K.L.:
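Below you'll find the structure I mean.
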Amino acid sequence: MSKANSILSILAATYPDAHCELNFSTPFELLIATMLSAQATDKKVNQVTEKLFRNYKTPESFLTLSLKKMEEAIKELGLYRNKAKNILATCQILIEKYNGEVPDSMEALTQLPGVGRKTANVVLSNAYNIPAFAVDTHVLRVSNRLGLASGTNPDLIEKQLMNSIPRSQWIQAHHWLIWHGRRICAARNPKCSECPLSPLCPSTLLPA
DNA sequence: AACTCGGGGCA
DNA sequence: TGCCCAGAGTT
């Protein structure tokens with residue numbers, strides 16, 4: 001059993017019900033929620049989208065909002081000018097090019113303004129169940145600490161993880177690493193004393 | 001590779 | 001008060 005497999009099996013046992021913590025009921029809602037989640041906490045994103053999606057559920061309805069109204073609706077998430085502008089522009093493209101639907105390919109998704117590789121992977125895996133590995137700050141940090149990957153380039157980390165993890169586990173592994181990063185392997189003051197991976201971890205703060 | 005956007009939560 | 005939060009685009 002490889003080290004990666006050992007780590008993955010422990011993560012699987014530790015977080016048996018790991019899942020996407022952004023609330024959504026359609027691919028469109030997940031796309032918007034993920035665009036909003038940049039450098040914001042999922043808790044705040046859910047608070048904002050709960051109100052937003054109550055009255056606006058489609059690209060068409062979003063376009064009834066002025067840029068200023070959109071900015072006000074999402075202001076507390078930060079980076080709100082870029083997010084508001086990109087979301088409205090994306091809604092326009094969804095209507096013009098995709099019949100108001102959210103496309104299910106990396107090429108089409110990353111062509112949308114404000115949608116990068118990470119957001120596209122989240123939509124592909126969580127809305128369309130297409131195997132993908134979304135590398136965010138948690139996945140980057142945790143996989144580096146555990147020795148599952150190395151480097152600061154998210155695209156290269158994504159390739160390393162896809163090479164060492166079975167395709168059938170990509171979506172779950174992504175969630176395991178994020179849940180672990182949030183609950184134990186935090187950016188600041190990681191709780192190594194509570195970590196089930198500590199014996200296997202090259203970066204553990206515990207004495208050998 | 002570094003810089004900018006950015007309000008909010010938390011130690 | 002400083003650092004981080006389920007990033008993306010530009011220089």
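Naming convention: chains lettered A, B, ... in sequence-line order (proteins, then strands); numbering from 1 in each chain. In this text, all values refer to a predicted model and were calculated from it rather than measured experimentally.
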K.L.:
Ignoring hydrogens and geometry, is there a side-chain-to-backbone donor-acceptor pair from A/Lys83 to A/Gly78 under 3.5 Å?
P.N.:
yes

K.L.:
Please determine, by modelled atom types, if A/His180 and A/Tyr15 share a side-chain donor-acceptor pair under 3.5 angstrom.
P.N.:
yes

K.L.:
Over how many whole Å does the gap from A/Ile178 atom CD1 to C/dG7 atom P extend?
P.N.:
8 Å

K.L.:
Starting from P on C/dA8, measure out to CG on A/Asp155 and report it in whole angstrom.
P.N.:
10 Å

K.L.:
Check nucleotides 9-11 of chain C for protein N or O atoms closer than 3.5 Å to its own N or O atoms and list the pairs.
P.N.:
unit_1: C/dG9; atom_1: OP1; unit_2: A/Gly114; atom_2: N; d: 2.9

K.L.:
Grab the CG-P distance between A/Leu36 and C/dA6 for me, whole Å please.
P.N.:
14 Å

K.L.:
Under a 4.5 Å cut-off applied to non-hydrogen side-chain atoms, are A/Val45 and A/Leu22 in contact?
P.N.:
yes

K.L.:
Grab the two heavy atoms, one from A/Ala120 and one from A/Thr110, that are nearest each other, plus how far apart they are.
P.N.:
CB-CG2, 4.0 Å

K.L.:
Suppose you measure atom P in B/dT4 against the same atom in C/dA6; what distance do you get, rounded to whole Å?
P.N.:
24 Å

K.L.:
With heavy atoms under 4.0 Å as the rule, sort A/Thr152 into base, sugar-phosphate or nothing.
P.N.:
nothing

K.L.:
What's the closest nucleotide to the A/Thr119 side chain, out of C/dC4, C/dA6, C/dA8?
P.N.:
C/dA8

K.L.:
Describe the nucleic acid contact of A/Thr34 in one word from base, sugar-phosphate, nothing, applying a heavy-atom distance below 4.0 Å.
P.N.:
nothing

K.L.:
Can you give me every donor-acceptor pair (side chain of residues 29-39 of chain A, partner residue at least two apart or in another chain, under 3.5 Å) with its distance?
P.N.:
unit_1: A/Glu29; atom_1: OE1; unit_2: A/Ser25; atom_2: N; d: 2.9
unit_1: A/Glu29; atom_1: OE1; unit_2: A/Ser25; atom_2: OG; d: 2.8
unit_1: A/Glu29; atom_1: OE2; unit_2: A/Ser25; atom_2: OG; d: 3.3
unit_1: A/Thr34; atom_1: OG1; unit_2: A/Leu30; atom_2: O; d: 2.7
unit_1: A/Ser37; atom_1: OG; unit_2: A/Thr34; atom_2: O; d: 2.7

K.L.:
Give the rounded distance in Å between these two atoms: CG of A/Asn46 and C1' of C/dC5.
P.N.:
14 Å

K.L.:
Rounding to the closest angstrom, what is the interatomic distance between B/dG7 and C/dT10 at atom C1'?
P.N.:
22 Å

K.L.:
Measure across A/Cys192 and A/Thr204 and return the closest heavy-atom pair with its distance rounded to 0.1 Å.
P.N.:
CB-OG1, 3.8 Å

K.L.:
Among residues 159-177 of chain A, which contact DNA chain B at a heavy-atom distance under 4.0 Å?
P.N.:
none

K.L.:
Nearest whole angstrom, please: distance from the P of C/dA6 to the CZ of A/Phe133.
P.N.:
17 Å

K.L.:
So, do A/Leu197 and A/Thr14 sit near enough that their side-chain heavy atoms are less than 4.5 Å apart?
P.N.:
no

K.L.:
So which pairs with a foot in residues 141-164 of chain A pass side-chain hydrogen bond (donor to acceptor under 3.5 Å, both in side chains), sequence neighbours left out?
P.N.:
A/Arg117-A/Glu158, A/His138-A/Arg141

K.L.:
Just how far, in rounded Å, is P of C/dA6 from NE2 of A/His19?
P.N.:
14 Å

K.L.:
Expressed in whole Å, how much space separates the C1' atoms belonging to B/dG8 and C/dG9?
P.N.:
23 Å

K.L.:
Would you check, one step at a time, whether the test side-chain contact (heavy atoms from CB on, under 4.5 Å) holds for A/Phe133 with A/Ile165?
P.N.:
CA-CA 10 Å; A/Phe133 224 113; A/Ile165 297 175; 3.8 Å; yes

K.L.:
With rounding to the closest Å, how many angstrom separate the P atoms on B/dC3 and C/dC3?
P.N.:
15 Å

K.L.:
Taking all non-hydrogen atoms of both residues, which atom of A/Asn23 and which atom of A/Thr49 are closest, and how far apart?
P.N.:
O-OG1, 4.5 Å

K.L.:
Each nucleotide in nucleotides 2-11 of chain B should get exactly one letter: B, S or -. Can you fill that in based on protein heavy atoms under 4.0 Å?
P.N.:
---BBBSB--

K.L.:
Rounding to a whole Å, what distance do you find between A/Ile87:CD1 and C/dG7:P?
P.N.:
14 Å

K.L.:
Just checking, any donor-acceptor pair under 3.5 angstrom between side chains of A/Asn126 and A/His175?
P.N.:
yes

K.L.:
Going by the rule salt bridge (Lys or Arg N to Asp or Glu O under 4.0 Å), which residues pair with A/Arg182 if we only count those two or more places apart in sequence or in a different chain?
P.N.:
A/Glu21, A/Asp42

K.L.:
Please state the P separation for the pair B/dG6 and C/dT11 - nearest whole angstrom.
P.N.:
16 Å

